[in-house]
Amino acid sequence: MAPPLKAPSVKSPLTSSKISDSSGKASSMGLPNTNSKPSTLATDKSKIINKQIEEEKPLTEPAAEPSDDSEDSEDDKPLSARHPVGFSKIKSNNANKGTLQLDTKPSIPKYEDSDDEKPLSSKFQSKSSTGASTRKSCDFDEEKKPIVAKIHKNGSASKDSSIKKSSIMLKKRPATELKSTGHSSQPSGKAEPKAEDEEDDLPISQITKKSATSDKKLSPVKKITKVVSTSLKKINKKSKKVMKTSNYSKSSKVPPGSGEGQKWTTLIHNGLIFPPPYKHHGVKMLYKGKPVDLTPEQEEAATMFAVMLDTDYMNKPKFKENFMNDWRKILGKKHVIQNLEDCDFTPIYEWHQKEKEKKKQMSTEEKKAIKEEKLKQEEKYMWAIVDGVKEKVGNFRVEPPGLFRGRGEHPKMGKLKKRICPSDITINIGNDAQIPECPIPGESWKEIRHDNTVTWLAFWNDPINPKEIKYVFLAASSTLKGQSDKEKYEKARLLKDYIQGIRAAYTKGFTSKDLTKKQIAVATYLIDKLALRAGNEKDDDEADTVGCCTLKVENVEPLPPNSLKFDFLGKDSIRYQNEVEVEPAVFKAIQQFRSGKKGGDDLFDKLDTSKLNAHLKELMPGLTAKVFRTYNASITLDDMLSRETKGGDAAEKVVVYQHANKEVAIICNHQRTVSKSHSAQILRLNEKIEELKGVLEELETDLVRAKKGKPPLKNTDGKPKRNMNPEALKRKIAQTNAKIEKMEREKESKEDLKTVALGTSKINYLDPRITVAWCKRHEVPIEKIFNKSLLAKFAWSMDVDPSFRF
DNA sequence: TAATTTACTTAGTAGCAACAAA
DNA sequence: TTTGTTGCTACTAAGTAAATTA
């Protein structure tokens, strides 16, 4: 049996003082191999065959069959034989599970626990309508009904305001009408019937007719070509794309595919809101102890720096250097301020603190009034109407100027992020929609596009790195985002059918004579086993972080006989530290890849993400490196929930869920910095526990006395205590014990999770249908797991069949 | 084929509001 | 009522990956 893996420990350079490896919660780092149930192998194989017959989908040959013998020889082995490590925890449990019958209904997994099979009442469905993103017509709809236009609002329960009525017609597109990928979320085959029902509100013919009207009598295809008129250069490409998807126009009911081609037919929005202009405060900073006069522009930059005086950035010379270089440009060469060391920003800092304090001290009414005023100003920017559906816009506020807060050792940290003007911004909007008024008088947008093959509403070039683009997108609750979210999970589910073959293939590749093939095999293994990111190439003007393909020799240390010690900075400069036993062939391969290289050389010198992904695509259609993360995260959740959910009340089941969530977060190395108050909180808990232990001791003494018929001892302050009978004392002792235990658990859990971020995986990696179906099966209110935003984001998953398994 | 551009997803955190405990 | 804690949201940086260009 492989030794348990160490959890990646936790130390970002930026925060190194705050974080330390919490635990070595060993078992948790094991590779989620739940797919490896021997029993499901056969099932999966039959699935592949069924799918191909049913869908006439030749696709890429499922990698499940790299060759007949390889399949026989590999798949027949328990997965543990091929992945002796990393499976430590889950593997052993799975070993007991190998009794499933071959299931002829491909997408309906069988359950060991027959209770699980019982679909709960559909009360759940109705519950989902309380979520922020209901499929029901909202008040807004009702109001608009008389004007044929019906806008379905997606993504918020907040009050509506009017978006200017447009010449185009509005129709409903419920989120449940997401494009089916052939892997229905409804194993029962009743895939998303709701959409049709709801569309009944508006007869198809009517919709089509309206669309035609809105299209100014253009035939749909013509119209699309017209809408897609970004630039002459692009017309050919776009037309091709459009042709591919043009059959959508047969019925407006079919939402445009999100994968490629057309994303929308009509798009209306009001542009963006800009931050208010800078307000000169006149507080003078000191230079060599003397107050300095600054122009508003100079003062603005000084203030940006001053408000960061209490951040970690002040300990970063690069931050200060970059700031000073940019500030100097504003100050001018001859300015009295010549170096940062002689600057004293505290007067501005203190002024800012006072302003914050003032704000805090405002009465509730004042705060409310300000909030309402802000809402009033922003309301019109908050929404877009996409194909007649009112959708929330994600980031409708233009980013304000400030100092760049790059993470880790970012070479550009501290640089001045200049103010974005309308003339920096390109707007994307429907051809027939009114072009948003530029909110700053006398200025105008950089460009207006009408590109319906993209989902962004606007963009500007990042002032820090002009090659980078900042986009304005719809919110996560929007239909468009929901659709691609669902597609993401469907792709990950598809990997389930191929994973055995892929694993067999890369295992073969470990000993390939072709070095590129060998590196691809080992890299894929690491991505699968350790959930590493792909690792794109990075520029020199970014923080020096790596992913799998960009690992350096110094990041992976072989520890004989067959372990690897990983230590590198990944995304966001979060440190990944892990020591893991690997297959001997992998160990040997890594040694070979390292030989003759220096520490800073690429470990996989024959490899980059495009080569890797090109290879993965040969194994499964659409497969890329990141799919493994989604797959391993979701299958781990599904597996852990099914194994660990026992009886008990909802609260106990929520604990099971959180435990599974935590395992996934650890696998994905999702970290957070330890909160400033963490140690104080632990200290306080310890004090309380000690106090309770004291009480317990007294009670026990009293019990002994009470049994002898003696009165209790006096209190610590000398006062007499109430005389209780032994039974009452026993009850009290039990209560106190329970309290102590609860606090101990609380403390343990707090300590355990202090560096683990649970939210990231919930938002991005865990198929919400697993959660929703589990909640339905076990009568756990979904609100216990998903907050309001997640309910809105995952609206598309709410009607999943309770029997759904990933 | 490599480099660049484009479009999108994934990520941690600051700040604040809601809630709980004292 | 005050203070501490928790959880949510907005924010924006930093990834992935495909398409396009040189």
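Proteins get letters first, then strands, A, B, ... in listed order; numbering begins at 1 in each.
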Mutual orientation of the aromatic rings belonging to A:F568 and A:Y576 [parallel < 30°, tilted 30-60°, perpendicular > 60°]: parallel
Is it the case that more than 12 heavy atoms not belonging to A:K552 sit under 6.0 Å from its NZ atom? yes
With the criterion being N/O to N/O and under 3.5 Å, what pairs connect the protein with nucleotides 10-14 of chain C, and how long is each?
| unit_1 | atom_1 | unit_2 | atom_2 | d |
| --- | --- | --- | --- | --- |
| C:dA10 | O3' | A:R397 | NH1 | 3.3 |
| C:dC11 | OP1 | A:R397 | NH1 | 2.9 |
| C:dC11 | OP2 | A:R397 | NH1 | 2.4 |
| C:dA13 | OP1 | A:K417 | NZ | 3.1 |
| C:dA13 | OP2 | A:K470 | NZ | 2.1 |
| C:dA14 | OP1 | A:R407 | N | 2.6 |
| C:dA14 | OP2 | A:H410 | NE2 | 3.4 |

Would you tell me if any nitrogen or oxygen in the side chain of A:Y471 comes within less than 4.0 Å of OP1 or OP2 on B:dC8? no
Can you tell me the distance, in whole Å, between the CD atom of A:Q353 and the P atom of B:dA14? 14 Å
Report which part of the nucleic acid A:T609 touches: base, sugar-phosphate, or nothing (heavy-atom distance under 4.0 Å, all strands). nothing
With nearest nucleotides of DNA chain C determined for A:L790 and A:S677 from heavy-atom distances, which residue corresponds to the more 5′ nucleotide? A:S677
Within the supplied structure, the quantity of interest is the number of heavy atoms (other residues, nucleotides, ligands) at a distance under 6.0 Å from A:K367 NZ; does it exceed 12? yes
Nearest-Å distance for atom pair CG/P, residues A:L753 and C:dG7: 11 Å
Can you find a side chain N or O atom of A:S484 that sits less than 4.0 Å from OP1 or OP2 on B:dT9? yes
Whole angstrom value for the distance that separates P of C:dA17 from CG of A:D608: 12 Å
Hey, is NZ on A:K417 packed in by over 12 heavy atoms from elsewhere, all under 6.0 Å? yes
So, does A:K750 get its side chain near the phosphate of C:dT6, meaning an N or O under 4.0 Å from OP1 or OP2? yes
Does A:Q671 place a side-chain N or O at less than 4.0 Å from the phosphate oxygens OP1/OP2 of B:dA11? no
In this structure, how many angstroms lie between the C1' atom of B:dT10 and the CG atom of A:L766, rounded? 13 Å
Take A:D539 and A:K481, find for each the nucleotide of DNA chain B with the closest heavy atom, and name the residue whose nucleotide sits nearer the 5' end. A:D539
Residue-phosphate contact under 4.0 Å: A:T673 side-chain N/O, B:dT13 OP1/OP2: yes
A:K470 NZ/CZ over A:F459 ring centroid, <6.0 Å and within 45° of normal: no
Could you tell me whether A:F459 contacts a base, only the sugar-phosphate backbone, or nothing, with contacts defined as non-hydrogen atoms closer than 4.0 Å? nothing
Using the closest heavy atom to pick a nucleotide of DNA chain B for each, name whichever of A:R533 or A:N461 lands nearer the 5' end. A:N461
Nearest whole angstrom, please: distance from the P of B:dT10 to the NZ of A:K793. 7 Å
Roughly how many Å is it from NZ in A:K359 to P in B:dC16, rounded to a whole number? 6 Å
Check the phosphate of B:dT9 against A:K488, side-chain N and O only, distance under 4.0 Å to OP1 or OP2. Yes or no? no
With ring centroids as reference points, do A:H670 and A:Y765 lie under 6.0 angstrom apart? yes
Check this one for me: any side-chain N or O of A:K263 less than 4.0 Å away from OP1 or OP2 of B:dC8? yes
Could you tell me whether A:K367 contacts a base, only the sugar-phosphate backbone, or nothing, with contacts defined as non-hydrogen atoms closer than 4.0 Å? nothing
State which of B:dG12, B:dC8, C:dA17 makes the closest approach to the side chain of A:T760. B:dG12
Give A:E537 one of three labels, base, sugar-phosphate or nothing, depending on what nucleic acid heavy atoms sit under 4.0 Å from its own. nothing
Just the atom pairs and distances: protein N or O near nucleotides 20-22 of chain B's N or O, under 3.5 Å.
| unit_1 | atom_1 | unit_2 | atom_2 | d |
| --- | --- | --- | --- | --- |
| B:dA22 | OP1 | A:K688 | NZ | 3.3 |

Contact class for A:N536 (heavy atom, under 4.0 Å): base, sugar-phosphate, or nothing? base
Just to be sure I understand the rule, does A:A680 reach a base, reach only the sugar-phosphate, or reach nothing, if contact means heavy atoms closer than 4.0 Å? nothing
Sorted by chain and number, sequence neighbours left out, side chain to side chain donor-acceptor pair (under 3.5 Å) with A:E366 holds for A:S363
Contact class for A:G535 (heavy atom, under 4.0 Å): base, sugar-phosphate, or nothing? sugar-phosphate
In whole angstroms, how far is the P atom of B:dA18 from the CD atom of A:E783? 19 Å
Do A:F396 and A:Y381 have their ring centres less than 6.0 Å from each other? no
From the options A:L375, A:I273, A:V393, select the one residue that forms a side-chain contact (heavy atoms from CB on, under 4.5 Å) with A:M382. A:L375
Is a side-chain donor or acceptor of A:E690 paired with a backbone partner of A:E687 at a separation under 3.5 angstrom? no
Rounding to an integer number of Å, can you tell me how far A:Q361 CD sits from C:dT2 C1'? 12 Å
A:N764 side chain vs A:T760 backbone, donor-acceptor pair below 3.5 Å: yes
